[in-house]
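Beneath this line is the structure, given in structure tokens, with notes to follow.
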Amino acid sequence: MQVIVRPTREAACNLAAAIIEDQIRERPDSVLGLATGRTMEELYAKLADKHQRNGLDFSLVRTYNLDEYIGIPPEHPGSYRYYMNKNLFEKINIDLRNTHLPLGMSRDVAKECRDYETSIRRNGGIDLQLLGIGATGHIGFNEPLSALKSRTREKPLTPITIQQNRDLFPNPDEMPRCAITMGVGTILEAKRILLLATGAEKADILAKAVEGPITAMISATAIQLHERCSVIIDTAAATKLKELEYYDWIYQNESEWAPYHRRGL
Ligand code: GLP
């Protein structure tokens with residue numbers, strides 16, 4: 001794992017956007033795993049900007065989102081399909097047929113979950129999986145006690161998560177109590193993981209995820225098992241980490257990051 005601390009939220013988003021840009025330029029038909037939440041809004045705005053100003057081409061890119069609420073239609077303003085269309089897909093030249101989210105209105109949720117896994121596999125697996133982190137330490141909607149080998153499935157949301165996300169609904173009481181989420185095991189199969197977290201409210205859970213023991217009680221700790229995982233955060237989210245100097249030394253000295261330094265990142 002690499003932990004990269006940037007001075008501001010904007011700088012953290014710039015680095016994450018540059019990594020995604022490089023992935024797409026290197027492999028134009030990349031399969032991206034995408035995340036939602038407030039943190040990603042700025043990142044998606046930067047990717048849209050790269051498309052509009054620098055011609056970053058999404059025409060062959062394929063995407064799979066981590067999760068979707070159960071029981072609301074895609075056109076509901078609280079749905080993740082709506083979020084993705086609004087924040088990213090409508091602003092870039094992606095073919096919407098290549099964008100995938102679980103269908104929260106599916107009448108057979110178990111089959112929908114199986115089909116989602118099959119579809120990811122048929123597309124060759126996820127090249128780069130973007131992750132945020134929720135207040136409970138979830139990745140996707142893998143709430144506490146999610147098996148570290150779990151696959152895409154239905155998951156009830158914790159009261160803490162409902163509290164965290166309910167204001168994103170026009171009518172907060174309409175927030176669903178369950179979601180379909182990729183499992184921790186599904187996420188760990190991505191070839192590369194990029195976790196982005198910003199803001200002081202993430203500092204405690206982030207320190208547990210990065211420096212704490214691996215536990216099903218905090219699904220984000222599972223990223224410690226991944227061989228190619230970069231955690232990009234701002235200073236506000238980094239305050240509870242113990243080994244900051246070491247992380248920075250690695251960022252400054254590992255050859256992989258030299259091209260990013262040259263770009264001022
Ligand atoms: C939701 C998503 C998670 C995301 C989290 C963080 O719960 N299911 O994938 O990581 O939000 O949200 P925010 O960026 O708003 O803090």
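Just follow the structure's listing: the first ligand is 1, and inside any ligand the first atom is 1. Positions are given from 1, in the same order as the sequence printed here.
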Checklist line | Residues Arg25, Glu21: salt bridge by 4.0 Å N-O rule | finding: yes

Note to self: Regarding Asp204 and Lys208, does a basic nitrogen lie under 4.0 Å from an acidic carboxylate oxygen?
What the structure shows: no

Next item on the list: Taking atom CZ of Arg122 as the centre, report whether more than 12 heavy atoms of other residues, nucleotides or ligands fall under 6.0 Å from it.
Entry: no

Checklist line | Flag for Thr39-Arg9: side-chain donor and acceptor within less than 3.5 Å | finding: no

Can you tell me which residue and heavy atom of the protein come closest to [atom], and the distance to 0.1 Å?
| atom | answer |
| --- | --- |
| atom 4 (C) of ligand 1 | Thr36 O, 3.7 Å |
| atom 3 (C) of ligand 1 | Gly140 O, 3.5 Å |
| atom 2 (C) of ligand 1 | Tyr80 OH, 3.6 Å |
| atom 14 (O) of ligand 1 | Thr39 OG1, 2.4 Å |

Could you list which atoms of ligand 1 come closer than 4.0 Å to a heavy atom of [X]?
| X | result |
| --- | --- |
| Gly132 | 10 (O) |
| Gln164 | 6 (C), 12 (O), 13 (P), 16 (O) |
| Arg38 | 13 (P), 14 (O), 15 (O) |
| Lys202 | 13 (P), 14 (O), 16 (O) |

Determine the interplanar angle of the [X] and [Y] rings, folded into 0 to 90°, and report it as parallel if under 30°, tilted if 30 to 60°, perpendicular if over 60°.
| X | Y | result |
| --- | --- | --- |
| Phe58 | His51 | perpendicular |
| Tyr116 | Tyr64 | perpendicular |
| Phe141 | His138 | perpendicular |

Next item on the list: Compute the shortest N/O to N/O distance between Ile133 and ligand 1 and return yes if it is under 3.5 Å, no if not.
Entry: yes

Notebook entry, point to check: So, is His138 polar-close to ligand 1, with some N/O to N/O distance under 3.5 Å?
Noted result: yes

Margin query: Please state which option from Thr181, Leu34, Asp67, Asn165 has its nearest heavy atom closest to atom 8 (N) of ligand 1.
Written below: Asp67

Note to self: If hydrophobic residues (ILVMFWY) are linked whenever their side-chain heavy atoms come closer than 4.5 Å, directly or via other members, who joins Ile180 in its cluster?
What the structure shows: Ile70, Val109

